[in-house]
There are 2 protein chains.
Amino acid sequence: MARWEPDARGRLLQAAVELFDDRGYDATTAAQIAERAGLTKTTLFRHFADKREILFQGQDELVALAVGAVESAPRQSTPLEIARGSVRALCSIHIEERRDIRRRLVTILPSSAELMERAVFKRSAVTEALRSALAARIGDSRRAGVLADAAIRAYYDGYASWVASGERGSLADVVDGELDAFSAALGDALHTR
Amino acid sequence: MARWEPDARGRLLQAAVELFDDRGYDATTAAQIAERAGLTKTTLFRHFADKREILFQGQDELVALAVGAVESAPRQSTPLEIARGSVRALCSIHIEERRDIRRRLVTILPSSAELMERAVFKRSAVTEALRSALAARIGDSRRAGVLADAAIRAYYDGYASWVASGERGSLADVVDGELDAFSAALGDALHTR
DNA sequence: GTCTATACAATGATAGAC
DNA sequence: GTCTATCATTGTATAGAC
């Protein structure tokens, strides 16, 4: 027997997304979100470090996935294959249950400078984690940087087009195709014209 | 005859850097900064959009420099040369007058999550502006992305080592050398091993 | 171990006077 | 352009309820 309604976190997330969606992120207060979830502001901030963080995946989780995949890549993998495994691993966080939230985020996110800042920061943190793990693995910091940038770019571009398409097919496949295109671009980048 | 002491903005910046440096960014309030500059909190927020923004270059200025250089690049330039011109242009914002501030920023910036978020956002905004201008110029969005990432990486890495070295030599030369190394890394990125 | 109540400090916005 | 004053909101801190 629970003393409280279960899944406080989930209810807060749902309430937040609905409010952000119809009255805007900035116009929604933390107190309003908590109230709609049947909780108080204090409790909201027990579950989320700040208002922005409600909408994002935990950074530790993302970094652990990206780095874990690099470290467990087969011994004979090429650098590109290692980077590919890392962004493929990142695809697994986008579970079906959050599909509705993903769809709404497309409009909510760019509507707030505060949210964009947080989103960009997460991307940068994952990129740096991947770069650093790759550098340790292949022993070349600059190549690691170039590959991490390209792989994360493929991941984000692939994610955007996957969501825009109504999530047709598997995200991992979309990202895979995107990474093929970016690795071709890497090879061509220095060609004249 | 001025009714007030001149250079309010400069005094605010100086006061902020000194306070951040010796008592920490988070432990310094906007009111304290204003007071040390002989002004009030209201005036501080007339000069700077928020507390973080005190320490950074204006985003419009950075973007205009990066994009302007791309648009004014000679017709026969290679994509790499265009990107090089863009990051060289960015070097010009680091004027001698701000040398003291740059030195202190090395420790202040990473001490605050809030500041790191803003710094990363600016980097991302400049990267995107460069990518987009390059894409328009060379007609290939993915190559533009790869080149923008590499050039901005060269710029930031070069900047960091230039500051760490006590600003020996010209920043543009340091960044130039860094970009040579990164373009070599671009060519090698896909090689096995 | 999760929630509530209350009080609090700081950011940043706003309105009106000089 | 600056000042005083007031304000809403975020986010923290504390202490207690179930």
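Within every chain, numbering begins at 1; the chains are lettered A, B, ... in the order of the sequence lines, protein sequences first and strands thereafter.
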Open item on the list: I want to check something: taking the side chain as every heavy atom from C-beta on, are A:Arg102 and A:Trp162 in contact at a cut-off of under 4.5 Å?
Closed with: yes
Task: 4.5 Å side-chain heavy-atom contact, B:Leu13 and B:Arg9 - done: no
Quickly work out the [X] [atom1] to [N] [atom2] distance and round it to whole Å.
X	N	atom1	atom2	result
A:Arg118	D:dT10	CZ	P	14 Å
B:Phe45	C:dA15	CZ	C1'	17 Å
B:Tyr25	C:dA10	OH	P	14 Å
A:Ile33	D:dG11	CD1	C1'	13 Å
A:Arg46	C:dG1	CZ	C1'	8 Å
A:Asp26	D:dT9	CG	C1'	11 Å
A:Phe48	D:dT12	CZ	C1'	18 Å
A:Glu114	C:dG12	CD	C1'	12 Å

Identify each atom pair where a protein N or O and an N or O of nucleotides 13-18 of chain D are less than 3.5 Å apart, giving names and distance.
{"unit_1": "D:dC18", "atom_1": "O2", "unit_2": "A:Arg3", "atom_2": "NH1", "d": "2.9"}

Task: A:Glu35 CD: over 12 foreign heavy atoms closer than 6.0 Å - done: no
Open item on the list: Under a 4.0 Å threshold between the charged nitrogen and the carboxylate oxygen, would B:Arg36 count as salt-bridged to B:Glu18?
Closed with: yes
With a 4.0 Å cutoff (strictly under), does any side-chain N or O of [X] reach OP1 or OP2 of [N]?
X	N	value
A:Thr40	C:dC3	no
A:Arg11	C:dT2	no
B:Arg9	D:dT2	no
B:Thr29	C:dA10	no

Open item on the list: Using heavy-atom distances to pick each residue's nearest nucleotide on DNA chain D, tell me which of A:Ala49 and B:His47 is more 5'.
Closed with: B:His47
Open item on the list: Does anything in residues 145-160 of chain B form a salt bridge (Lys or Arg N to Asp or Glu O under 4.0 Å)? List the pairs, not counting sequence neighbours.
Closed with: A:Asp149-B:Arg153, A:Arg153-B:Asp149
Open item on the list: How close do A:Phe48 and A:Glu53 get, counting heavy atoms only, and between which atoms?
Closed with: CD2-O, 4.0 Å
Open item on the list: For A:Leu115 versus A:Arg52, what's the shortest heavy-atom pair and its separation?
Closed with: CD2-CG, 3.8 Å
Open item on the list: Using the side-chain heavy atoms of A:Lys41, tell me which of these nucleotides is nearest: C:dA7, D:dC3, C:dT4.
Closed with: C:dA7
TODO: Report the nucleotide, chosen from D:dT2, D:dT10, C:dT11, that has the shortest atom-to-atom distance to any side-chain atom of B:Ala30.
DONE: C:dT11
